[in-house]
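I have placed the structure first, in the form of structure tokens, so that the comments after it can refer back to it.
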Amino acid sequence: MNRIYYTRPSITQKEIDYATDAVTFGWGDRCYEYIVKFEELFKNHLGVDYAIATSSCTGAIHLGLAALGVGLGDEVILADINWIASAAPITYLGAKPVLVDVDKDSWCIDYKKIEEAITEKTKAIIAVHIYGNLCDMDELIKIGEKHNIPIIEDSAEAIGSVYKGKKAGSIGEFGTFSFHGTKTITTGEGGMFVTNDKALYEKVLTLSNHGRSKTQTKQFWPDMVGFKYKMSNVQAAIGCAQVERIDGLIDKKRQIFKWYEAKLKSLPVKLNPENEDCHPGYWMPTMVIDENVKFDREILLKEFKDNNIDGRVFFWPLSMVREGDFIQRNPNPVAYSLYKRAMNLPSYNDMAEDEVDRVVKCVKSTLYCRDNRA
Ligand SMILES: *Cc1c(COP(=O)(O)O)cnc(C)c1O
């Protein structure tokens, strides 16, 4: 029985050819060629004015928050259910993450819980489109405008996700993406900062290059203390090939989700929600077991392991894994109920329908096994 990975990149001859070209010829005068091309292709895909390739999404968030002026003693609001990469850059700047509860259907930040967490120290709200599901951007933008707080989109998981006709990451003050090997498109490690705000773009560009302004004519003259979060030309070459294939990569994510949806239909589970306004990119097909059904995710993890399938648990509440580190003003009951009942399901580009069947079989046998029956 072959191993079923929870995710795996799709690398074709195109990626190999571009990377080979970059590593052979992409030096000296040509050392930025693929980086510039990758930024152009990604901008066109997303429909934004400015993009900066970075070494990671974590770095892109750090740069963007720094450019917005987030600093010592400030607060930044985000959902309690998240990977720590969305919260860590806040702490790099001496600010504190403030964790609010999630919506039970979208698993993203619950906009109705945001205003009670806002203080005069709140400098930004990070909307993370978790597992490719979409945050309620209209409501978030409304809250942002009312309180004069920028809304940021961490879209690392939301390539292919579309909210009311706009691509995730193109709506807020700025958006960030990750091209880590597990994401929908990859450069091994890598990220992207995107925005439609020219001044913000220029500030981040300067910060990303050790504070050297594009207009500075003196050599080795930093105009401020910045960071070093640049992507290499070889990585960007792989990225160019991936963006050229992006529609197909997104289509396959959707296809795999549709397989799961059809095969899990009769079970007491909910999958990533889709409606007229919100079309997820389905980076990670995810199921949440209904509350009235007894479920222990350890049993499913063991079943997966016995069948040579990677199991991947839903993110824990950050307030649980880093208890005391971050601010939590109110209880987050949805987050604390959700994570225990949820699991990500494997999906990678060359996954076949019979592999989806193997995963579904494990889910079924776990839900109906003796230990799990109520
Ligand atoms: C993967 C991920 C990140 C981190 O990306 P890196 O490129 O590894 O820094 C940040 N935010 C979210 C939502 C992610 O899924």
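Remember, it's 1-based here, ligands and their atoms both numbered in the order they're listed. Given the structure is predicted, the values throughout are model-derived calculations rather than measurements.
- Ring-plane geometry between Tyr92 and His62 is classed as perpendicular, the angle between the planes exceeding 60 degrees on a 0 to 90 degree scale with a lower cut at 30.
- Sorted by first and then second residue, the ring pair (Phe, Tyr, Trp, His ring centres under 6.0 Å) pairs with a member in residues 165-187 read Phe38-Phe179, Phe42-Phe177, Phe42-Phe179, Phe174-Phe193; sequence neighbours excluded.
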Is there any protein N/O under 3.5 Å from an N/O of ligand 1, and what does the full list of such pairs look like?
| unit_1 | atom_1 | unit_2 | atom_2 | d |
| --- | --- | --- | --- | --- |
| ligand 1 | 5 (O) | Ser178 | OG | 3.2 |
| ligand 1 | 7 (O) | Cys57 | N | 2.9 |
| ligand 1 | 7 (O) | Ser178 | OG | 2.7 |
| ligand 1 | 9 (O) | Cys57 | N | 3.3 |
| ligand 1 | 9 (O) | Thr58 | N | 2.9 |
| ligand 1 | 9 (O) | Thr58 | OG1 | 2.5 |
| ligand 1 | 11 (N) | Ser86 | OG | 3.3 |
| ligand 1 | 11 (N) | Asp154 | OD1 | 3.4 |
| ligand 1 | 11 (N) | Asp154 | OD2 | 2.7 |
| ligand 1 | 15 (O) | Glu157 | OE2 | 2.5 |
| ligand 1 | 15 (O) | Lys183 | NZ | 2.9 |

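- Minimum heavy-atom separation, Met1 to Asn308: O-ND2, 3.0 Å.
- Evaluation of the ring pair (Phe, Tyr, Trp, His ring centres under 6.0 Å) rule for Tyr336 yields no partner, not counting sequence neighbours.
- Counting only residues at least two apart or on different chains, the ring pair (Phe, Tyr, Trp, His ring centres under 6.0 Å) pairs with a member in residues 243-273 are Phe257-Tyr282.
- For the residue pair Arg245/Ser10, the side-chain donor-acceptor check at 3.5 Å is satisfied.
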